[in-house]
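Residue numbers start at 1 and run along the sequence shown. Here the structure is a predicted model, which is why all the values come from computation and not from measurement.
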Amino acid sequence: MVTWLLVSLGASALWGVVLFVSDRGMAQIWPPARGNWITGIAAWLLTIAIYMGLIRTATADWNALDLPAWLRWGVGGVALSVAATWVQGRGITDLGLKGTSGWDVGVVTTGAYARRRHPQYAGQVLSLLGLALLGGSAWAGLAAVAGSAALIYASHVEDRFMARRHPDYGDYASQVRFF
């Protein structure tokens, strides 16, 4: 369990470092100045590591908090998971795989992006929290919080990046809620 917890926390921390370096102008790692398959694969591998570490941690420490089934399965397993799948899925569909992998696809203002600026990240945060609740583990909760913090930070970094790259982004951002 410790190994998988470290995988999830390590991937979240690595995302945090990449984002910090990019946000402070030391190097433009994420979002990349020019997206390519390598940046896309790297971004998705880090995200998958967060999820895999959380899932493996949760299953190794299954319901250690002794949470009631209605909370774990009803709220975590169904309500949050369904909402997460819808929100994240729409975000990925509306932005496209290249857009979610670092390619510049411009300012997308339709579909899920007409209602929130970061639906993909919002859906991922919901899914991480739902998985942690479903697992009923404090360690899985820690992994979910760390992963969520990295994704929320990514949203802020991307907001600032988009504002610099696309002058019309400020108008969009002022009209559409963040999450």
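- Ile29 and Ile50 fall within the same hydrophobic cluster, where Ile, Leu, Val, Met, Phe, Trp and Tyr residues are linked whenever their side-chain heavy atoms come under 4.5 Å apart, directly or through other members.
- Environment of CH2 in Trp139: sparse, with no more than 12 heavy atoms of neighbouring residues, nucleotides or ligands closer than 6.0 Å.
- In the hydrophobic cluster analysis, where Ile, Leu, Val, Met, Phe, Trp and Tyr join through side-chain heavy atoms closer than 4.5 angstrom, Met1 is grouped together with Leu142.
- Taking each heavy atom of Phe179 and Ser155 in turn, the nearest pair found is CE1-OG, 3.3 Å.
- Note on Val125: it does not cluster hydrophobically with Val145, by side-chain heavy-atom contacts below 4.5 Å among ILVMFWY residues.
- Across all non-hydrogen atoms, the minimal contact from Gly136 to Leu67 is CA-CD1, 3.7 Å.
- When the shell of 6.0 Å around CH2 of Trp103 is examined, it contains more than 12 heavy atoms from other residues, nucleotides or ligands.
- Defined by atom type and a distance below 3.5 Å, a donor-acceptor pair is present between the side-chain atoms of Tyr121 and Glu158.
- No more than 12 heavy atoms of other residues, nucleotides or ligands lie within 6.0 Å of CD1 in Ile38, so this atom counts as exposed by the packing criterion.
- The nearest pair of heavy atoms linking Leu5 to Ala143 is CD1-CB, 4.1 Å.
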| field | Verdict with supporting geometry, Thr3 and Arg56, side-chain contact (heavy atoms from CB on, under 4.5 Å) | value | CA-CA 9 Å; Thr3 301; Arg56 295 297 302 262; over 6 Å; no
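- Checked against side-chain hydrogen bond (donor to acceptor under 3.5 Å, both in side chains), Tyr113 has no partners two or more places apart in sequence or in another chain.
- With rounding to the nearest 0.5 angstrom, the OG atom of Ser81 is 6.0 Å from the CG atom of Leu131.
- Within the 4.5 Å cutoff, the side chain of Asp159 has no heavy atoms near those of the Val157 side chain.
- Under the 3.5 Å distance criterion, the side-chain polar atoms of Arg165 are matched with a main-chain donor or acceptor of Ala33.
- Residues Ser137 and Trp62 have side chains that never bring a donor and an acceptor to within less than 3.5 angstrom of each other.
- The heavy-atom pair separating Gln88 from Gln120 by the smallest distance is CG-O, 3.8 Å.
- Note that OG of Ser22 is 11.0 Å distant from CZ of Arg160, once rounded to the nearest 0.5 Å.
- Considering every non-hydrogen atom in both Gly123 and Ala84, the closest pair reads O-CB, 3.3 Å.
- If you look at His156 and Phe178, their ring centroids are closer than 6.0 Å.
- In the hydrophobic cluster analysis, where Ile, Leu, Val, Met, Phe, Trp and Tyr join through side-chain heavy atoms closer than 4.5 angstrom, Tyr51 is grouped apart from Leu6.
- In this structure, CG in Leu128 is found 6.0 Å from CG in Leu151, a value given to the nearest 0.5 Å.
- The line from CG of Leu95 to NE2 of His118 is 10.5 Å long, rounded to the nearest 0.5 Å.
- Note that OG of Ser8 and CD1 of Ile48 are 13.0 Å apart. Values are rounded to the nearest 0.5 Å.
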| field | Pair Leu129-Ser148, side-chain contact (heavy atoms from CB on, under 4.5 Å): steps then yes or no | value | CA-CA 8 Å; Leu129 298 176; Ser148 295; 4.1 Å; yes
| message | Determine whether Val176 and Arg115 satisfy the following criterion, side-chain contact (heavy atoms from CB on, under 4.5 Å), listing intermediate values before the conclusion. | response | CA-CA 6 Å; Val176 177; Arg115 291 183 243 17; 5.7 Å; no
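- Although no hydrogens or angles enter the test, the distance criterion places no donor-acceptor pair under 3.5 Å between the side chain of Asn36 and the main chain of Gly40.
- Between Phe161 and Asp23 the shortest side-chain heavy-atom distance does not fall below 4.5 Å.
- Connection of Leu134 to Trp70 is not established within any shared hydrophobic cluster, with ILVMFWY side chains joined at heavy-atom distances below 4.5 Å, either directly or through further cluster members.
- In terms of modelled atom types and a separation under 3.5 Å, the side chain of Arg72 and the main chain of Asn63 share no donor-acceptor contact.
- Side-chain contact check for Trp15 versus Tyr153: every heavy-atom pair is 4.5 Å or farther apart.
- Of all heavy-atom pairs between Ser101 and Trp44, the closest is OG-NE1, 3.1 Å.
- In this structure, the separation between CG on Asp168 and CE on Met162 is 8.0 Å, given to the nearest 0.5 Å.
- The neighbour count for Arg34 CZ, taken as heavy atoms of other residues, nucleotides or ligands under 6.0 Å away, does not exceed 12.
- Residues Asp94 and Thr110 fail the side-chain proximity criterion, which asks for heavy atoms closer than 4.5 Å.
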